[in-house]
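One structure is given below, encoded as structure tokens.
So you know, we letter chains A, B, ... as the sequences are listed, proteins then strands, and number each from 1.
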Amino acid sequence: MFEYAKYLRLNKFPLIWCAGCGDGIVLKAMLRAIDKIGLSNDEITMVSGIGCSSRLPGYVDFNTLHTTHGRAIAFATGVKIAKPEMTVIVVTGDGDATAIGGNHYIHAARRNLDLTVILFNNNIYGMTGGQVSPTTPVGKKASTSPYGNLEPSFNISGLAQAAGASFVARGTVHGAHMLEKFIEKAIRKKGFSVVEVITPCPTAYGRRNRMGTAVNMIQDLKENAVTLKKAAKMSPEELEGKVVTGVLVDIDKPEYTEEYAKLSEQLKNKVGVD
Amino acid sequence: MFEYAKYLRLNKFPLIWCAGCGDGIVLKAMLRAIDKIGLSNDEITMVSGIGCSSRLPGYVDFNTLHTTHGRAIAFATGVKIAKPEMTVIVVTGDGDATAIGGNHYIHAARRNLDLTVILFNNNIYGMTGGQVSPTTPVGKKASTSPYGNLEPSFNISGLAQAAGASFVARGTVHGAHMLEKFIEKAIRKKGFSVVEVITPCPTAYGRRNRMGTAVNMIQDLKENAVTLKKAAKMSPEELEGKVVTGVLVDIDKPEYTEEYAKLSEQLKNKVGVD
Amino acid sequence: MGMRYEVRLSGEGGQGLVLAGKILAEAAAIYDGKNATQSQSYGPEARGGASRSEVIISDEDIDYPKATNIDLLLALTQESSDKYSKDLKENGILLVDSEAVTKLPEGNFNVYKVPISEIARSKIGKVVVANIVALGIIAELSTIVSIDSLESAVLARVPKGTEELNLKAFRTGMEVAQELLK
Amino acid sequence: MGMRYEVRLSGEGGQGLVLAGKILAEAAAIYDGKNATQSQSYGPEARGGASRSEVIISDEDIDYPKATNIDLLLALTQESSDKYSKDLKENGILLVDSEAVTKLPEGNFNVYKVPISEIARSKIGKVVVANIVALGIIAELSTIVSIDSLESAVLARVPKGTEELNLKAFRTGMEVAQELLK
Amino acid sequence: MQSNQKDKVQVITGNEACAEGALAAGLKFFAGYPITPSSEIAEILSLRLPRVDGRFIQMEDEIAAMGAIIGASLAGAKAMTATSGPGFSLKQENIGYAAMAEVPCVVVNVQRGGPSTGLPTLPAQGDVMQSRWGTHGDHPIIALAPHSVRETFELTIRAFNLSEMYRTPVILLMDEVIGHVNEKVILPGPDEYEIIQRKKPDVPPEEFLPYKHTESCVPPMVSFGEGYRYHVTGLCHDETGFPTNDPVEIDRLLRRLNGKIEVHRDEIIDVKEDFLDDAKIGIFAYGSTARSARRAMLLAREKGIKVGMLRPTVLWPFPEKFVRPMGETCSHVIVPEMNLGQMAHEVEWATCRNAEVVKINRVDGEPISPQQILDKILEVAS
Amino acid sequence: MQSNQKDKVQVITGNEACAEGALAAGLKFFAGYPITPSSEIAEILSLRLPRVDGRFIQMEDEIAAMGAIIGASLAGAKAMTATSGPGFSLKQENIGYAAMAEVPCVVVNVQRGGPSTGLPTLPAQGDVMQSRWGTHGDHPIIALAPHSVRETFELTIRAFNLSEMYRTPVILLMDEVIGHVNEKVILPGPDEYEIIQRKKPDVPPEEFLPYKHTESCVPPMVSFGEGYRYHVTGLCHDETGFPTNDPVEIDRLLRRLNGKIEVHRDEIIDVKEDFLDDAKIGIFAYGSTARSARRAMLLAREKGIKVGMLRPTVLWPFPEKFVRPMGETCSHVIVPEMNLGQMAHEVEWATCRNAEVVKINRVDGEPISPQQILDKILEVAS
Amino acid sequence: MPKKNPVIEIKMEWCKGCAFCVEFCPKEVLQMKGIYPVVAKIEDCTACGLCEVLCPDFAIEVIAEDEAVKK
Amino acid sequence: MPKKNPVIEIKMEWCKGCAFCVEFCPKEVLQMKGIYPVVAKIEDCTACGLCEVLCPDFAIEVIAEDEAVKK
Ligand SMILES: Cc1ncc(C[n+]2csc(CCOP(=O)(O)OP(=O)(O)O)c2C)c(N)n1
Ligand SMILES: Cc1ncc(C[n+]2csc(CCOP(=O)(O)OP(=O)(O)O)c2C)c(N)n1
Ligand code: SF4
Ligand code: SF4
Ligand code: SF4
Ligand code: SF4
Ligand code: SF4
Ligand code: SF4
Ligand SMILES: [Mg+2]
Ligand SMILES: [Mg+2]
């Protein structure tokens, strides 16, 4: 129904991800969004860190940059500022973006640099075999929280908002059509935008927490997803364990590269250093 | 009126800070708060990063730890978890805590580890001679923003809140008595607490931005400080340029070392690994 | 120099070959008093794709813990058979899952074709115990570890509550092998 | 080897000694065609405390840019006089702010005591130009750089709008020195 | 085998042995950040520590983990972190801090292929020079390299002992082969090894100098909260621990820091010598590569070639004293390494190239096989 | 002096010269994080870049700054960062990435006293070995060390040229003395130096191999957005740039990376020789210390002592070819360094200790004076 | 015009057998057979595309009638 | 009992002359003289302690009547 092929590096297929990993669903939603916007392959640079999700850029026929763990946003900052006309999309995981990379995440949000961050939140470090992440819920097991996680998890969308992001949305792989729309809006937004995607990792997270098959995990997502509108009418107790989806932030404010361009322009019309 | 001497390393005096630097005022408020709580010198470990403000621990007769730039909270995490009965206070600057150290700041908040962070916000990198910081307001000049800063600044208290802190307050050196109370509350709080202190740096910030003498800067603080209560009644426009002071967050939630202790206790009563 | 016996168990990620290797090594080391090492290689990714687990059994110190001159190779998939058979020694034992491996590697080997997964499914009722079935076959074909030791090692390693099942799988493997050797 | 003249300007942070040193070096290098370097030392902290600025003037390449055998030392504070006078050569010129430096270092020096800051305050109306007053005195005492060059260098470096003031400070310094040398 | 001994026989990996060794040494605090191929060390300790009154924490990154173990050590806990190449690079600044502030701690690096993300699951020995020179400025360091699972257990204990004895960070430089190989071991019991604790001061708090220039170069140490309040900084400091810019004090400090290792070099270094008495061809090998080297040596000896071998378990300080004589007695010194010749350079330095230093280097993710070394021996011998 | 020449005379610091040199080389992107004694480089560029269509950004830390310049370079901008010891340590992981992914960029380290926070305002040369070995794994590196303000300008341009030519990060290793000294210079004009740009491919996108194993070891490079879409990764990769675990491909990659420097070693290295023809005593010195050494040499020559000097402007790759002969012709090679003997070790290695290597080391924050070196010359000569 | 059924193509080489397509098809058009899905009741298919959207491995494609013609 | 004035001690070695004590004293008790503050009108002092609290350099101390007696 949709021609994914023109955006793909088909010779790299099949995907390395496990059976039932949600990452591929997000990839597809991303490509549909890009297609809708009408961006050409050359106009996009996709930057990732290290993790299962961060392997994504290897499959897409854009300018692709697979960096060091946690630093995707820092590298992307260089790409974007050096070439502001480029659409720069960051693909990252919960560990990559909010554990080791947490600082770059909040600073890019603060600067309101025009990047689009697609954050694959599977509540675990998938790539390294299932260690606890800053988004693993309290009580859940991971290879480094064998007795159940003691640490409260981040609300990573809330963090982006507090740090200054222009656009923040949360979706799930079950709501793939909604996701596509969020991603489209996020890319179109001139400013720092985040789409947090809740995606299942049956291998490193689901299995250890007896969450059943990948299908069960998606079904759970379906049941637990609550739109922002509905959530507004629910009590905190009712919201316990739910995933609130929707566009959480959508504001307009000065974007970094545009402000910089203005400054350069002003300086051109001025002689001498003062 | 107050016997500061018992907490001080008097042989290190006079303080290295510039004439009119606000840091000494915060130091005094801290000592009064500690005295009120009745902590002995041995019970306190004071940890700092690198910066003018981070030189503070050198002057106090506690267990003192002057670490690497941005990492005070990480070191403090080790001290606290290894010795939970220790009162651990982190002294840090806006650059130290929210630029290079931003990630440790939000993660300690997330964990709700029982640390008290006194964050000296002078809107600049004082120690290195006045470079722009994540809290330098837009338009202000710094040695690395000679045309006026383009980057929006952090609301660092808001960030701590979004990350999960139990207690967050903001005060100014002008309101030194209020500050003392905030610090007292912060230390007493079992959980991650932050007191953001707005303090003038006449040398590296005031001078470059033609803010007059240190006295003028304190007077400005006095005029611009608005209590939370008053602020609630003001419009966003009216709040422009104001400093909202008060206790912004004060909630009770499980603290990390206590949760860990509970787990250890449970495990003691259990045999075998499962 | 003394005896050195090299076993390579190959297949794909998730087939329990690391566990099987570890059981084999423990049988030799803990129960038979020999020396043993077990090691594995991962693909570029930590999961999926061809995977191998190697066991070296020796009566002296094992210097090099990787297989280079293999006495017995188990291949559960075609890919692993293609990829990992090159170090199998002349006249070495090649045990393949006959349903998965249709094209045998070239060379002068003692080949045994057994529908290992199929046996696990049909005779034990669980494909996941194919690794233990294979161990039973290997025990008989190689005779490098005593049956008692292997049974003890299996029982010590498998999850509680699955002892019976695994013992059955192991013995089924042995029986199959005995048929082959007849 | 050729001529090498070493000047050390000392006092405390904020007294403009780095600028004064840079002006002296520029006068020598740009306007007099000599070689010159200027360097400074900070205390453990980037501000406050004793501070020094050193200028080396030579008619050949300057290898070592630090002062070790000083021809002229300016000390604006007691601390700097105490701390930085040890490298002043025998019969070297020691110029001190007579209001701040009450205890002179021991040694055989040509000492000139001038209330430099006081002159800046009373005669020019701004203490901040004490550094330029000092330059005027140094110009006369050392004669290592031509007056014209120094004036040009001062004018090129001081903030726009303060040229007159600084020129006045410089000339006042010169006059004071001429008095002393009489 | 006797039955009670049988009970103690285990088949475990190097990573498991490292975790066990640390616990045996008295580990009370572990902070880490996962990275292949070291993650199992953290995983095991997350299971074990809470049961033995120890603390495990997974930090937000490797920098934080390194900072946390320094803090914990100052608070009195024996502390360790474990990582691999990329994480080891990130820890460098704080490793330098530990060296400067003289905080005992153990940093495990299970080496994988590099540079950069490189080969996450494959072995290498590419971080040998980085262990010595990874942080800025001149600083002392000790680095150990085990060649077996059992030795991993022993050297982990030794790493703690050395760190406590000399108030210094110690690097345990494993490689993926040793980290992941399952090997038969009987781990020694508590009465079979010595555990060393940091030396406490024998003076009252008023007289305590936390950075005293003692003859041994190692000042006594107290934990925070024990009544000896003192100041710790990464700035150059005097004996009291407070910052100084006095060249004399700074010089004393930095020379003492390096002196700690120099003065005690002979107690720290450790080499295993094999057949060197009559060897005409020497092999210098360490870590997992030494296993292949040993086999190659034995095979060559069977062919009548006089090969001997030197295996340092301590890479830094470099055992020059033992290497130099090889230059005199051997015509060739073969140095097989899973890198491009890092230690071979030191061997050349130590032997002054009196013997020809022959490098065998692999950087393709594959271990060096006995055959590869044997081939080189045969080539060199002919 | 002629008046038009006078107009060009400047008295500027090494840090200023570095910024000017970078702009002259075509710098278009600078990302930094302040740290003494390098901050002025960032400060000047924050003023200058927005006026010349360049971009300046102060990042949240040094790691981010290093990441950002790699990203910018891939997007086609000549990019640089500047730091000092602690920041240099933090950048190591991403420096390794730049080496692995072959991204041209320049990293300035204005050395201050270390280890750790050390001596923020005082000079040192303690990061020489770290420049070579600071990141994990075997990797290529080029490091340059200027000894004057003018040479800082020249070597900054050369750093960019080498980085573009060899697709590799280049370290400009300054020291605080050079960074902060104001010195008279006449900077060369644009017609007096060559500017090199990265080589672009001469094949269409379908045939483009971003990591091709060419004879020169340096594959051509395109910027993002120029129609040649390719993949960049820090994992070991094949010629197409995609990850591989094939030992043959990996071996080719890593040997090519190191080969880039080895093959071109003679074009890269550069030494200044002074009076070496008849020298009986040699001096090996670099950076600001070389200035003192030169003066000491001249003073010794005045006394009739035959002293000669070798001053490398390129520290890595090490100019073995020029150092080795000193071992033959000199009785002693004096190596003065503001560290504990980092380069002296290499000199010992290169000369095989045929000459006695005499170290002069200072780590107290004070520069080494001509007198100190002269004293050593006199001692050695007698 | 008589209704033409959509065509559903399954690429076995890429399919990993997660069964998402089968489980989330609102019309139960698909079924697992061994580890792969097969088309069981194409006549019920509404060409809604959900199976395609939710397949993480690009292994299933729904070609609606009109598209099929175009192809 | 006649009111006794508080005692104000200024430690010149530590004072940096920022003038906070002078400017923020509600009673204008203090005055700058050169770069240091001096007590000008001690009789107006209410011993409120603000000067002390705001002195960043621990250079001014207010000793209230009763305390002074104790001392
Ligand atoms: C500096 C560094 N530290 C650690 C690692 C190991 N590592 C690789 S991926 C990863 C976690 C990935 O988790 P996440 O970002 O959530 O991605 P996922 O695999 O779950 O998609 C870690 C810790 C590394 N490669 N580099
Ligand atoms: C890794 C590292 N990077 C940079 C520096 C240099 N540095 C020292 S203090 C400082 C900024 C301090 O600013 P802030 O925390 O706001 O403290 P302030 O001086 O303003 O109180 C910087 C960048 C350093 N010491 N270490
Ligand atoms: S481990 Fe988890 S996140 Fe990684 S590919 Fe498998 S399912 Fe996906
Ligand atoms: S520079 Fe600013 S922050 Fe630092 S001591 Fe001076 S006034 Fe205080
Ligand atoms: S297109 Fe819709 S109805 Fe048809 S098979 Fe797919 S999910 Fe079922
Ligand atoms: S959703 Fe895709 S991968 Fe999963 S079973 Fe269906 S076709 Fe196969
Ligand atoms: S105590 Fe109060 S009234 Fe008295 S001098 Fe101080 S501020 Fe003024
Ligand atoms: S407030 Fe303190 S430091 Fe400032 S002038 Fe008064 S006494 Fe001096
Ligand atoms: Mg994840
Ligand atoms: Mg600040």
[X], part contacting chain H, at a heavy-atom distance under 4.5 Å:
X	result
B:L179	neither
B:Q219	both
B:F13	both
B:V173	backbone

Lys/Arg-Asp/Glu bridge criterion (N-O < 4.0 Å) met for B:K185, B:D250: no

salt_bridge(H:D57, H:K11) N-O dist < 4.0 Å: no

Return yes if some donor-acceptor pair links the side-chain N/O of B:H69 with the main-chain N/O of B:I50 below 3.5 Å, else return no. yes

Going through the checks in order, is the side-chain hydrogen bond (donor to acceptor under 3.5 Å, both in side chains) test met by B:E43 and B:T87? CA-CA 6 Å; B:E43 288 172 305; B:T87 295; over 6 Å; no

Mind checking whether B:Y4 and H:F58 have parallel, tilted or perpendicular rings, split at 30° and 60°? perpendicular

Would you mind checking which part of H:C55 comes under 4.5 Å of any heavy atom in chain B, side chain (CB onward), backbone (N, CA, C, O), both or neither? both

Residue H:E52 versus chain B: region with a heavy atom under 4.5 Å: both

